[in-house]
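Notes follow once the structure below has been shown.
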Amino acid sequence: MGTSVKTSWPELLGIPGVEAKSKILADNPKLNVVILPVGTIVTADFREDRVRVFVDSDEKVAQIPKIG
């Protein structure tokens, strides 16, 4: 069996955004990981090299980070 590439990180919900970014980059250092407040208006384009980490007012991950 081959290795699978992660495309989402549900286990990061509720942890600090900075810590989540570090864990995502540890899984795949080629990704562009951006931390944004929930509700931030973003482009609708899909990018295989981008992960948006949406955080709440306490800077904790509020949505499952995923590639896109």
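These values consider heavy atoms only, across backbone and side chains, with no hydrogens, waters or symmetry-generated copies.
Two different hydrophobic clusters hold Val42 and Val61 under the rule that ILVMFWY side chains link at heavy-atom gaps under 4.5 Å. In the hydrophobic clustering of ILVMFWY residues, with side-chain heavy atoms under 4.5 Å counting as a link, Phe46 and Leu36 come out apart. Both Ile15 and Val51 sit in one connected hydrophobic cluster of ILVMFWY residues. Membership requires side-chain heavy atoms under 4.5 Å apart, directly or through other members. Put simply, Ile24 and Phe54 are part of two different groups of oily side chains (I, L, V, M, F, W, Y) that touch within less than 4.5 Å, one to the next.
Residue pairs meeting the salt bridge (Lys or Arg N to Asp or Glu O under 4.0 Å) criterion with at least one member in residues 5-22, sequence neighbours excluded, are Lys6-Glu11, Lys6-Asp27, Glu19-Lys23. Among pairs with a residue in residues 51-67, those fulfilling side-chain hydrogen bond (donor to acceptor under 3.5 Å, both in side chains) read Thr43-Arg52, at least two apart in sequence or across chains.
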- Query: side-chain contact (heavy atoms from CB on, under 4.5 Å) between Val53 and Leu12: does it pass, once the steps are laid out?
  - Reply: CA-CA 10 Å; Val53 177; Leu12 301 181; over 6 Å; no
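Here the CG-CG distance, from Asp49 to Asn28, works out to 9.5 Å after rounding to the nearest 0.5 Å. Between atom CD1 of residue Ile67 and atom CD of residue Glu48 there is a gap of 7.5 Å, rounded to the nearest 0.5 Å.
When atom types are taken as modelled, the side chain of Arg47 and the backbone of Gly68 share no donor-acceptor pair closer than 3.5 angstrom.
Across Val38 and Ala62, no two heavy atoms sit closer than the pair CG2-CB, 3.5 Å. Closest heavy-atom contact between Leu25 and Leu31: CD2-O, 3.3 Å. Heavy atoms only, all atoms of each residue included: Ser8 and Ile64 are closest at CB-CG2, 4.1 Å.
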